[in-house]
Undergrad: 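Pasting a structure below so you can have a look.
Chain letters run A, B, ... following the sequence lines, proteins first and then strands; every chain starts at 1.
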Number of protein chains: 2
Amino acid sequence: MSIKKTEQITIHDIARALNIDSSTVSRALNDSPRVSSKTKQRILEKATELGYQRNSLASNLRTNKTNTIGVIVPRISRNFFSSVISGIEDTAQEAGYNVIICQSFESLEREKKIMETLMANRVDGILISISMHTVNYDHLKPYLNLGGSIVFYDRPCHFENCSSISINDYKASFQATEHLIQNGCKNIVHFSGPQLIDLYKNRKQGYVDALKKYGLEFNEAYCLESKLSEEDGVIFAKKILEMGHIDGIYSSNDTAAISAVQYLKSQGVNIPKDIAVVGFNNDPISSVIEPGLTTINQPDFEMGKMASTLLINHIENKKTKPESKVLDIELVIRNSSKHN
Amino acid sequence: MSIKKTEQITIHDIARALNIDSSTVSRALNDSPRVSSKTKQRILEKATELGYQRNSLASNLRTNKTNTIGVIVPRISRNFFSSVISGIEDTAQEAGYNVIICQSFESLEREKKIMETLMANRVDGILISISMHTVNYDHLKPYLNLGGSIVFYDRPCHFENCSSISINDYKASFQATEHLIQNGCKNIVHFSGPQLIDLYKNRKQGYVDALKKYGLEFNEAYCLESKLSEEDGVIFAKKILEMGHIDGIYSSNDTAAISAVQYLKSQGVNIPKDIAVVGFNNDPISSVIEPGLTTINQPDFEMGKMASTLLINHIENKKTKPESKVLDIELVIRNSSKHN
DNA sequence: TTTAAAAATACAATCGATTGTATTTTTAAA
DNA sequence: TTTAAAAATACAATCGATTGTATTTTTAAA
C-alpha cells in the first residue's frame with residue numbers, strides 16, 4: 001500500500017504522545033493485566049484520537065501466528081462447496097480465525113501456486129479439497145515441514161499424518177445404482193469423473209459392485225469418463241442415443257446429469273420412462289427441473305464445520321492424532337428415477 | 001503457526017551457511033542485478049537444500065506492500081458473484097496480486113469486521129459490493145485514511161474519491177417492465193429489495209417509470225419488499241394469489257422469481273398465460289426451469305475484470321481520478337414472459 | 001515512618017525480511 | 001604494473017509489533 005508515512009500511526013507514536021514506553025502501549029492494546037486500567041484508558045483514547053490501526057503483519061511476524069486458515073476449493077460456484085465454506089467460516093469465526101478462500105479451478109498448477117502463497121503468508125492451517133488432477137502431494141510437503149496443519153475434506157486423500165473428512169462415496173454410489181436397478185433398469189450408464197483421484201474411483205467401484213450384486217453385466221463402454229461439465233453431459237447424452245438401448249444413467253454429479261437430461265428431453269426422450277436418471281450433490285437446481293432429479297445429498301455445511309473444528313484442534317494442540325471421518329449421505333428420491 | 005524454531009529457515013541461515021551477508025541473499029532471492037550470477041546460483045541451491053520458504057509477513061512489513069487485494073461480496077454462492085470473482089481473480093493474477101475473498105452474508109456487522117481484518121492485514125486495495133444493510137460508509141473511512149484504495153462494484157455507491165462499476169439498474173428495470181407491458185400485462189407486481197441501497201431504489205424507479213410511460217397506474221401495494229430469498233418468493237406468491245388479479249411479476253432477482261413460479265405452478269397457476277414473469281441476474285437455473293425464465297443478463301465476468309483493473313490502477317498510480325463505469329445489460333427473453 | 005511485597009512501567013532484544021550507503025573486489029584501460 | 005571505474009558484497013538501520021527481565025512506583029503491613 002503506497003501510504004504517506006505521516007499517516008501510519010504506530011504504538012510508538014502513541015507512546016511518545018503519552019510519554020510512556022511502547023511496550024506498555026502494546027500490552028494495553030492487548031488488554032494485558034500488567035497495565036493499570038487508568039493507563040489503559042489513556043492509551044485507548046489516544047489511539048482513537050490519532051487514528052491508530054494495528055498492523056497485523058508486524059504482530060503476526062513477531063508471534064509466529066496469523067490466526068488465519070486457508071481453504072482451497074476447486075470452485076466456489078458449486079453449491080456443495082459454497083455450503084462447505086459457510087460451515088468452515090461459521091466454526092472458524094467462532095474460534096477467532098480468519099478464513100482465506102482460494103479456488104484451484106481444478107488445476108494442479110493453480111493449486112501449487114496457492115499452496116506457496118498460503119505458506120509464504122504463514123497461515124496456521126489449510127483445508128483442502130484437491131483438484132481433479134492432483135495425483136501426488138509433493139506440493140503439500142513444504143508446508144507440513146514448516147509445521148503447518150492440513151486437513152482434507154470432500155475428496156479423500158491418504159497422506160502422512162493429515163486428518164480427512166469425506167463421505168462414503170462407494171456406498172453412496174452403490175445405493176444410487178441399486179436404486180436404479182430396483183426401479184427396473186438393466187442397461188445403466190455411469191458418468192464418471194477423472195479416475196486419477198480416489199473420489200471418482202470409489203464412485204465407479206460402487207456402481208460396478210452394485211451391478212455385480214444384481215447379476216447385471218458390467219460393460220466398460222458404459223463408463224463415460226470426463227470432468228463432468230455441462231458440455232460433457234451433452235456429449236454423453238449423444239453417445240447414449242447412439243448406443244440405443246440405455247435405460248438408466250447414474251452420474252457422478254448433478255451438473256452433467258442435468259445437462260444430459262435437458263438434451264435427451266429435447267430429443268424426445270422421456271425421462272424417466274425411457275431413461276431413469278440419478279445424479280450426485282443435490283444442487284438446488286435438481287429440485288427445480290422437471291422431472292425433479294433423484295440425487296445424493298451430502299451434509300455439506302456439517303462437513304465444513306467438522307473440517308474446521310478438526311483443523312483448529314490440530315493447530316492449537318499438536319498432540320492430536322490424525323483421524324479420518326466419514327459422513328453419511330442420503331439418497332433423495334425424486335421423479336427422474338421412477339422408471340416403471 | 002506453532003512451529004519448531006529449528007525448522008524455520010531464514011535468509012540468515014543461508015547467509016551463514018555460505019559465509020556471505022544476508023543482504024546479498026535477499027537480493028539474490030529477488031533476482032537483483034546487484035548480485036553476480038555465480039553467487040545467485042549458490043544461494044538458490046543452498047536455499048533449496050535447506051528448504052527455505054520465504055516469509056511474506058516480514059517482507060510485506062518491510063516494504064509496506066502486500067500485493068493482495070480484498071474482495072467483499074455478499075455471498076459467493078450466487079452465480080452472479082462467483083462469476084464476478086472469477087473475473088477479478090483473472091485480472092489480479094495477471095498483475096501479480098493475490099485475492100482474498102470475504103463474505104458479508106448481507107450483514108453490516110460482518111462487513112465491518114471484514115474491513116478491520118483486511119485493513120489490519122494491510123491489503124493494497126479493496127473491491128466491495130456493499131451489503132443490503134449498508135446505509136453509511138463510516139467503516140470504510142479508516143482504510144481510506146490509511147491510504148488504501150476502494151472500488152465499488154455491482155451495488156453503486158457515491159463515496160469520496162472512490163471509483164465504481166455497476167450496471168444501469170434503472171434502465172434494466174425499465175426494459176424488463178416495459179417488456180411485460182408490451183406482452184399485455186396490466187397489473188404488474190414488483191419484487192423489490194431493501195430500499196436502503198441505491199441498487200434496489202433504482203430498480204424500483206425503473207419499474208415505476210415504465211408503468212407511468214404506458215399510462216398504467218402505480219400501486220404501492222404492488223411493490224413487495226424483502227431480501228428476495230427463496231422463502232420471500234413463496235410468501236409473495238401467496239400474497240399475489242390473495243390479490244387475485246395480478247398478471248405480471250417483475251422480480252429484482254431470479255431466486256425470488258423462481259420460487260414464486262414454483263409455488264404458483266403448484267397452485268395451478270399457468271405461467272406465463274395467467275401470470276408472466278421476469279427475473280434479474282440470469283442465474284443458470286433460469287434457463288433450466290419450465291418455462292424458461294425471462295431475465296436480465298449482466299456482464300458479470302467483465303465487471304470483475306474491470307473492477308480489478310480499475311483498482312490495480314489506483315493502487316499503482318495514485319494520480320488516477322475516480323471514475324464511475326456503467327455497463328450494459330441484456331434482456332434475455334424466454335417463455336415465462338409470453339403472456340399472450 | 002519504615003519496609004517488604006505487589007503492581008506498574010521501562011529496557012532491550014527479537015521476529016525475518018529490505019535497502020541506502022560504505023567497502024571490498026574485479027575488470028580493463030593506460 | 002598502476003589505477004580509476006565498475007561490479008560485487010558487507011554494514012547497519014529499519015518496518016511495527018511482542019515479551020522476558022529489570023527497574024520504579026505504589027500499596028499495605030509492621
Side-chain angles (χ1 to χ4, degrees), chain A residues 1-43 46-47 50-67 119-122 124 146-147, chain B residues 1-43 46-47 50-67 119-122 124 146-147:
Chain A
M1 185 152 33
S2 325
I3 280 172
K4 288 173 234 148
K5 275 285 153 50
T6 52
E7 294 179 306
Q8 284 269 36
I9 304 297
T10 72
I11 55 170
H12 303 287
D13 298 314
I14 298 173
R16 205 173 308 118
L18 295 172
N19 203 27
I20 54 177
D21 192 79
S22 59
S23 62
T24 301
V25 175
S26 171
R27 290 196 167 94
L29 294 172
N30 289 307
D31 203 23
S32 153
R34 278 176 61 175
V35 181
S36 72
S37 52
K38 212 179 76 187
T39 309
K40 264 183 201 167
Q41 197 177 337
R42 285 174 62 216
I43 291 174
K46 185 59 80 177
L50 298 178
Y52 170 79
Q53 297 295 340
R54 96 194 123 80
N55 186 324
S56 296
L57 296 174
S59 152
N60 294 345
L61 170 63
R62 184 61 229 271
T63 58
N64 210 21
K65 180 92 172 69
T66 55
N67 285 300
M119 180 160 57
N121 284 289
R122 297 295 192 271
D124 294 334
L146 214 57
Chain B
M1 187 150 31
S2 325
I3 278 172
K4 289 173 234 150
K5 274 285 153 50
T6 53
E7 295 179 306
Q8 285 268 36
I9 304 296
T10 72
I11 56 171
H12 302 287
D13 299 313
I14 298 174
R16 204 173 308 117
L18 295 172
N19 204 25
I20 55 178
D21 193 79
S22 59
S23 62
T24 301
V25 175
S26 172
R27 290 197 167 91
L29 293 172
N30 289 308
D31 204 23
S32 154
R34 278 176 62 174
V35 181
S36 71
S37 52
K38 212 179 74 187
T39 308
K40 266 183 199 167
Q41 197 176 337
R42 286 174 61 217
I43 290 173
K46 186 57 81 178
L50 298 179
Y52 170 78
Q53 297 295 341
R54 97 193 122 81
N55 186 324
S56 296
L57 296 175
S59 153
N60 294 345
L61 171 62
R62 184 60 228 272
T63 58
N64 211 18
K65 180 94 170 68
T66 55
N67 286 300
M119 180 160 56
N121 284 288
R122 297 296 192 271
D124 294 336
L146 214 57

Undergrad: For residues A:Q53 and B:R122, report the shortest heavy-atom separation together with the two atoms involved.
TA: O-NH2, 3.0 Å
Undergrad: What residues, two or more places apart in sequence or in another chain, satisfy side chain to side chain donor-acceptor pair (under 3.5 Å) together with B:R16?
TA: B:D13
Undergrad: Under 4.0 Å, heavy atoms only, any strand: does A:S26 hit a base, just the sugar-phosphate, or nothing?
TA: base
Undergrad: Please answer whether the main-chain N or O of B:A15 pairs with a side-chain N or O of B:S22 as donor and acceptor at a distance below 3.5 Å.
TA: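 Not a single qualifying donor-acceptor pair exists.
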Undergrad: Once you round it to whole Å, what is the distance between P of D:dA17 and CG of B:N64?
TA: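 B:N64 atom CG is separated from D:dA17 atom P by 11 Å.
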Undergrad: Do A:M119 and A:L146 come within less than 4.5 Å of each other through their side chains, counting heavy atoms only?
TA: yes
Undergrad: Name all residues meeting the side chain to side chain donor-acceptor pair (under 3.5 Å) criterion together with A:S56; count only those two or more places apart in sequence or in a different chain, and write none if there are none.
TA: A:R54
Undergrad: Rounded to the nearest 0.5 Å, what's the gap from CG on A:N64 to OG on A:S59? Could you check?
TA: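 Separation between the atoms: 11.0 Å.
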Undergrad: In Å, rounded to the nearest 0.5 Å, how long is the span from CG of A:L57 to NZ of B:K65?
TA: 12.5 Å
Undergrad: Would you kindly give the CG-to-P distance between A:N121 and C:dA17, to the nearest whole Å?
TA: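 Going from A:N121 (CG) to C:dA17 (P), I get 13 Å.
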Undergrad: Measure from the side chain of B:I20, starting at C-beta and using heavy atoms only, and say which of D:dG16, C:dA17, D:dA10 lies closest.
TA: D:dA10
Undergrad: Are there runs of at least three consecutive Watson-Crick or G-U pairs touching DNA chain D, with each pair's two distances under 3.5 angstrom? Give them by first number.
TA: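 Paired runs of 3+ in DNA chain D: C:1-30 with D:1-30.
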Undergrad: Residues in side chain to side chain donor-acceptor pair (under 3.5 Å) with B:N121, at least two apart?
TA: none
Undergrad: Residues two or more places apart in sequence or in another chain: which of them pass side chain to side chain contact (heavy atoms under 4.5 Å, CB included) with A:D21?
TA: A:S23, A:T24
Undergrad: May I have the distance from A:L18 (atom CG) to C:dA10 (atom C1'), rounded to whole angstrom?
TA: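 So the two atoms are 15 Å apart, to the nearest Å.
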Undergrad: Set out, line by line, the N/O atom pairs under 3.5 Å between protein and nucleotides 24-28 of chain C.
TA:
none

Undergrad: B:K46: which residues meet the side chain to side chain contact (heavy atoms under 4.5 Å, CB included) condition with it, sequence neighbours left out?
TA: B:I14, B:A17, B:L18, B:E49, B:L50
Undergrad: Please enumerate all protein N or O atoms sitting under 3.5 Å from an N or O of nucleotides 11-13 of chain C, with distances to 0.1 Å.
TA:
| residue | atom | partner | partner atom | Å |
| --- | --- | --- | --- | --- |
| C:dC11 | N4 | A:S23 | OG | 3.0 |

Undergrad: Specify the separation, in whole Å, of atom CZ of A:R54 and atom C1' of D:dG16.
TA: 13 Å
Undergrad: Once you round to the nearest 0.5 Å, how far does CG of B:N60 lie from CG of B:N67?
TA: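 Here the rounded value is 7.0 Å.
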Undergrad: Who are the side chain to side chain donor-acceptor pair (under 3.5 Å) partners of A:S36, not counting sequence neighbours?
TA: A:T39
Undergrad: Rounded to the Å, how far apart are B:M119 CE and D:dG16 C1'?
TA: 16 Å
Undergrad: Measure from CG on B:L57 to P on C:dC15 and round the result to the nearest Å.
TA: 14 Å
Undergrad: Measure across A:L61 and B:N55 and return the closest heavy-atom pair with its distance rounded to 0.1 Å.
TA: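 Shortest heavy-atom separation between A:L61 and B:N55 comes out as CD1-ND2, 4.0 Å.
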Undergrad: Can you pull out the residues from residues 34-43 of chain A that lie within a 4.0 Å heavy-atom distance of DNA chain D?
TA: A:R34
Undergrad: Show which side-chain atoms of residues 28-35 of chain B pair as donor or acceptor with protein atoms under 3.5 Å away, not counting sequence neighbours.
TA:
| residue | atom | partner | partner atom | Å |
| --- | --- | --- | --- | --- |
| B:N30 | ND2 | B:S26 | O | 3.1 |
| B:D31 | OD1 | B:K40 | NZ | 3.0 |
| B:S32 | OG | B:R34 | N | 3.0 |

Undergrad: Once you round it to whole Å, what is the distance between P of D:dT14 and CD of A:Q8?
TA: 17 Å
Undergrad: Mind calculating the distance between CG (A:N60) and C1' (D:dG16) to the nearest angstrom?
TA: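 Roughly 12 Å, once rounded to whole Å.
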